[in-house]
Amino acid sequence: MAPRYQIRADYDAGTIVVYQAYSPAIADAALRAGRFVEPFSFHRMTWIKPSFMWLMHRSNWARKAGQERVLAVRMTREGWEEALSQAVLTTADPSAVVRAAVHVQWDPERSPRGAALNHYSIQVGIGRHLTRTFADDWIVGLTDLTPQVRKAATLIRAGRAAKAQRLIPAERAYPLPRALEDRLASGG
């Protein structure tokens, strides 16, 4: 049984993959440039999620308006951990949340059919003052997962979840430095 609050992600020695869903205009421009560019907004918080299944729940498998394209965003672990070091849980004192450069919230992890599971997935909101750093310094690559997402969704709807599972990125427990784990893993 998974710990209640644990970051699970696709990562390697130097990078971690987080997921985001965008409109075609934002995704196409980012993929052409190899980084986020307008019409991506650098003036608002952007939420990143290391849980593929949670993003599938949030975007309704890339069918929600404005979230029709799913991108795997590979970012440096250094940037990921820098963001987490500046984070405040959204359940903290409201005045601390308002001032925070990064917001963290924990939401129930999801099954392929969208059912809430007994453990939580982290969502990280990069505030507008760090969005440019996220986009220009921390991201090392963008991959369009939309075709894979659509194929997996079709298989799940057809009752072929085992076959769809092969299209879902593997995630494992992310080894947070102890100070960050103590600070964030409580879930509030």
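None of the values given here were measured: they were computed from a predicted structure.
W106 and L184 get closest at one heavy-atom pair: NE1-O, 2.8 Å. Across A116 and R110, no two heavy atoms sit closer than the pair N-NH1, 3.5 Å.
P112 is listed as a side-chain neighbour of M53, based on a closest heavy-atom distance under 4.5 Å. Side-chain contact between K49 and S121 is absent, with no heavy atoms from C-beta onward closer than 4.5 Å. Side-chain contact between E81 and Y174: present, with at least one pair of heavy atoms (C-beta onward) separated by less than 4.5 Å. With contacts defined as side-chain heavy-atom distances shorter than 4.5 Å, the pair I48/M75 qualifies. No side-chain heavy atom of Y11 sits less than 4.5 Å from a side-chain heavy atom of P50. Residues P39 and I26 meet the side-chain proximity criterion, which asks for heavy atoms closer than 4.5 Å. Residues H103 and V97 are in side-chain contact: their nearest non-hydrogen atoms beyond the backbone lie under 4.5 Å apart. S23 places none of its side-chain heavy atoms less than 4.5 Å from the side chain of Q67.
Put simply, CD on Q86 and CD1 on I126 are 8.5 Å apart, with the number rounded to the nearest 0.5 Å. Put simply, CG on D137 and CG on L130 are 10.0 Å apart, with the number rounded to the nearest 0.5 Å. Note that the CZ atom of R69 and the OG1 atom of T146 stand 4.5 Å from one another [nearest 0.5 Å]. To the nearest 0.5 Å, atoms CG (L55) and CG (N60) are separated by 11.0 Å.
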query: Could you walk me through whether I7 and L84 pass the side-chain contact (heavy atoms from CB on, under 4.5 Å) check?
result: CA-CA 11 Å; I7 297 172; L84 294 179; 4.1 Å; yes
From CA spacing to verdict: side-chain contact (heavy atoms from CB on, under 4.5 Å), W138, E82: CA-CA 10 Å; W138 296 344; E82 174 62 26; 3.7 Å; yes
message: Quick one, W47 with Q20, criterion side-chain contact (heavy atoms from CB on, under 4.5 Å). Give me CA distance, side-chain angles, the key distance, then yes/no.
response: CA-CA 7 Å; W47 287 87; Q20 294 183 288; 5.7 Å; no
Audit row: F36, L71, side-chain contact (heavy atoms from CB on, under 4.5 Å) steps and yes/no: CA-CA 11 Å; F36 287 110; L71 300 182; 4.1 Å; yes
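For R160, the CZ atom counts as loosely surrounded, since its 6.0 Å shell holds 12 or fewer non-hydrogen atoms of other residues, nucleotides or ligands. Heavy atoms of other residues, nucleotides or ligands lying less than 6.0 angstrom from CZ of R44 number 12 at most.
Considering L180, I16, T15 in turn, I16 is the only one that fulfils the side chain to side chain contact (heavy atoms under 4.5 Å, CB included) rule with W80.
There is a path of hydrophobic side-chain contacts, each under 4.5 Å, that joins L31 to F42. No continuous path of hydrophobic side-chain contacts links M45 to V104 [ILVMFWY only; heavy atoms under 4.5 Å].
Ring orientation note: the planes of Y5 and Y120 are close to parallel, at an angle under 30° on the 30°/60° scale.
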